[in-house]
**Q** 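The structure's right below; bear with me while I get my questions together.
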Amino acid sequence: QVQLVESGGGSVQPGGSLRLSCAVSGHTASTNCMGWFRQRPGKERERIVGFYLERGDPFYVDSVRGRFTTSQDSAKNLVYLQMNSLKPEDTAMYYCAATVALVKSRVECLLKVEVNEFGYWGQGTQVTVSS
């Protein structure tokens, strides 16, 4: 089992920044593919960042590319999502997620975009962007 706990959400004005953290614990060696998802009001949960833990070069969807950056501190078992130039449309509940089994490659990891392809989830952290 892998446990994920997000933190760092809050309210910010447009143009502001937040850094989300995802603490990963448990049998961490059992997963090597993670993602950041968000669920905006009235919308489906969507993957916005996919990353293969064994190799860098995450994938970002167009709506966040250039503004959001994910990184990891392996020593602390933390994954971060730095969010800059926030917009009102970034308002959402943000989740980190991990697959329940190892994947064989970065490509296989980045092809996982559906909610049901990730078996471990955090509780989510709310981000509100408003003036």
**Q** Does either side chain, that of Thr91 or that of Thr128, offer a donor lying less than 3.5 Å from an acceptor on the other one?
**A** no
**Q** Is it true that, when you exclude Gln123 itself, more than 12 heavy atoms of the residues, nucleotides or ligands shown sit nearer than 6.0 Å to its CD?
**A** yes
**Q** Is atom CD of Glu89 surrounded by more than 12 heavy atoms (other residues, nucleotides or ligands) closer than 6.0 Å?
**A** yes
**Q** Taking side chain as C-beta onward, heavy atoms only, is Gln13 less than 4.5 Å from Leu86?
**A** no
**Q** To the nearest 0.5 Å, how far apart are CD1 in Ile48 and CZ in Phe68?
**A** 5.5 Å
**Q** Leu110 versus Phe51: any side-chain heavy-atom pair under 4.5 Å?
**A** no
**Q** Between Arg40 and Glu46 (salt bridge meaning N to carboxylate O under 4.0 Å), is one present in this structure?
**A** yes
**Q** Under a 3.5 Å distance rule, please check whether Thr31 uses its side chain to pair with a backbone N or O of Thr28 as donor and acceptor.
**A** no
**Q** Quick one: does Val103's side chain get under 4.5 Å of Tyr52's, heavy atoms only?
**A** yes
**Q** What orientation do Trp121 and Tyr95 show, parallel under 30°, tilted 30 to 60°, or perpendicular over 60°?
**A** perpendicular
**Q** Treating Ile, Leu, Val, Met, Phe, Trp and Tyr as nodes and any side-chain heavy-atom pair under 4.5 angstrom as an edge, say whether Val127 and Val61 lie in one connected cluster.
**A** yes
**Q** Looking at side-chain heavy atoms only, is the closest gap between Met93 and Arg38 below 4.5 Å?
**A** no
**Q** Rounded to the nearest 0.5 Å, how far does CZ of Arg19 lie from OG1 of Thr70?
**A** 11.0 Å
**Q** How many angstroms lie between CG in Asn84 and OG in Ser17, if you round to the nearest 0.5 Å?
**A** 3.5 Å
**Q** Same cluster or not: Phe37 versus Val129, using hydrophobic residues (I, L, V, M, F, W, Y) connected whenever any side-chain heavy atoms lie under 4.5 Å apart?
**A** no
**Q** Do the non-hydrogen side-chain atoms of Ser30 and Val2 ever get within less than 4.5 Å of each other?
**A** yes
**Q** Side chains of Leu20 and Trp36: closer than 4.5 Å at any heavy-atom pair?
**A** yes
**Q** Quick one: NE2 on His27 to CD on Gln1, what's the gap to the nearest 0.5 Å?
**A** 11.0 Å
**Q** Glu6 side chain to Thr125 main-chain N or O, any donor-acceptor pair under 3.5 Å?
**A** no
**Q** If we only count heavy atoms from C-beta on, is the Val79 to Met34 side-chain gap below 4.5 Å?
**A** yes
**Q** May I ask you to decide if Thr99's main-chain N or O and Glu117's side chain share a donor-acceptor pair within less than 3.5 Å?
**A** no
**Q** Looking at side-chain heavy atoms only, is the closest gap between Ser11 and Ser130 below 4.5 Å?
**A** no
**Q** Decide, yes or no, whether a salt bridge links Lys87 with Asp90 under the criterion of side-chain N to carboxylate O below 4.0 Å.
**A** no
**Q** Distance check, rounded to the nearest 0.5 Å: Phe59 atom CZ versus Lys112 atom NZ?
**A** 15.5 Å
**Q** Are Arg47 and Phe118 in a cation-pi contact, defined as NZ or CZ under 6.0 Å from the six-membered ring centre and within 45° of the axis?
**A** no
**Q** Hey, could you give me the OG1/CD distance between Thr69 and Gln82, rounded to the nearest 0.5 Å?
**A** 7.0 Å
